[in-house]
Amino acid sequence: MNAHTQTEFRNHTLIVTVSSDDGRPVLDRRAYESLAKTFHEAAVDDDIRVVVLRGLAGCFCLGGDFSEFLDATKHQRLIAAVTDMFRTLATFPKPVLACVDGDAVGVGCTILFHCDMVIASGESTFRVPFVDFGLVPDAATSILAPQKLGYAGAFRFFCLGDTLSAEDARMLGLVTEIIVGGNVEEAALGRARQLAKKPAAALLQTRDLLKGDTGALCDRIDQEISLFQQALQDDTTLRRLQRIARLAA
């Protein structure tokens with residue numbers, strides 16, 4: 001098991017829990033670094049054929065750690081960790097499934113755009129309040145969201161900051177399947193088992209063809225991160241984030 005990212009390995013499937021290393025449903029610098037390390041290792045491990053991302057009980061992920069946004073001394077290492085994790089995810093060569101049961105907010109939602117399938121409970125919600133915070137989207141979602149949701153759907157989701165229900169997210173194309181009255185994780189693992197049984201080379205080659213060139217995604221990740229970093233240096237944005245952090249405390 002990775003020192004900070006909780007992982008399990010079953011039937012050629014690596015199950016990764018998205019959380020901080022102290023058990024909060026957020027991603028801090030160490031969580032980004034740990035996720036990147038986990039994906040780097042999984043990419044070259046032939047025993048791992050599929051990765052499943054899951055959250056903590058009742059919550060997938062509430063986004064980034066606000067305390068790191070507000071501490072300028074942490075920005076350089078945070079930006080480096082975020083960039084590495086997103087680039088690693090964008091270029092990861094194997095199927096990634098997400099098991100969402102609860103809220104997926106901010107980066108906890110944008111990470112889903114890199115997943116090949118998103119299996120969600122009927123109670124799950126999805127929100128990307130970056131614009132409300134004075135920030136821009138991350139994880140190359142300025143490319144991926146219009147591709148998946150259509151321009152109008154992506155604009156509404158990101159610029160209005162609307163909360164999507166699981167059914168709304170399925171209708172737009174973010175969620176693949178909704179599990180009602182069943183175990184979401186078992187459903188996701190069932191799909192993972194199906195994929196793991198496929199001829200490995202054909203599966204990976206087909207996925208690679210479907211995804212196409214990931215170079216543009218990595219370039220957009222760098223562009224988004226640069227704008228994100230600039231926003232964190234803006235006094236108005238910082239005051240807004242401080243106010244939101246106080247309300248959330």
In terms of side-chain geometry, is the basic nitrogen of [X] or [Y] positioned less than 4.0 Å from the acidic oxygen of its partner?
| X | Y | answer |
| --- | --- | --- |
| E177 | R170 | no |
| R29 | E33 | yes |
| K37 | E41 | yes |
| D22 | R24 | yes |
| D116 | R207 | yes |
| D132 | R240 | no |
| K74 | E68 | no |
| R191 | E186 | no |
| R127 | D103 | no |

Enter the distance from [X]:[atom1] to [Y]:[atom2] here, rounded to the nearest 0.5 Å.
| X | Y | atom1 | atom2 | value |
| --- | --- | --- | --- | --- |
| E224 | L135 | CD | CG | 12.0 Å |
| L62 | L56 | CG | CG | 9.0 Å |
| T91 | F86 | OG1 | CZ | 13.0 Å |
| I179 | I119 | CD1 | CD1 | 6.0 Å |
| T17 | L53 | OG1 | CG | 9.0 Å |
| E185 | D101 | CD | CG | 9.5 Å |

Kindly give the heavy-atom pair with the smallest separation between [X] and [Y], and that separation in Å.
| X | Y | answer |
| --- | --- | --- |
| T237 | G134 | OG1-O, 3.7 Å |
| I221 | A90 | CD1-CB, 4.0 Å |
| A145 | F158 | CB-CE1, 3.3 Å |
| C61 | G108 | CB-CA, 3.6 Å |
| A245 | L70 | CB-CD1, 4.1 Å |
| A196 | H12 | CB-CB, 4.1 Å |

Would you say [X]'s side chain and [Y]'s backbone share a donor-acceptor pair under 3.5 angstrom?
| X | Y | answer |
| --- | --- | --- |
| T141 | P137 | no |
| T83 | I79 | yes |
| D65 | S67 | yes |
| S34 | R30 | no |
| S124 | G102 | yes |
| T214 | L217 | no |
| T110 | A139 | no |
| K94 | I48 | yes |

Note, [X] side chain near [Y] side chain (heavy atom, < 4.5 Å):
| X | Y | result |
| --- | --- | --- |
| H40 | M85 | no |
| T125 | L164 | no |
| V51 | F92 | yes |

Steps toward side chain to side chain contact (heavy atoms under 4.5 Å, CB included) verdict (F9, I15): CA-CA 6 Å; F9 181 68; I15 307 164; over 6 Å; no
Enclosure of Q233 CD (heavy-atom neighbours >12, cutoff 6.0 Å): yes
Sub-6.0 Å ring centroid separation between F69 and F66: yes
Parallel, tilted or perpendicular, as decided by the 30° and 60° cut-offs, for the rings of F157 and F113: tilted
Cluster overlap L35 with V50, hydrophobic side-chain contacts below 4.5 Å: no
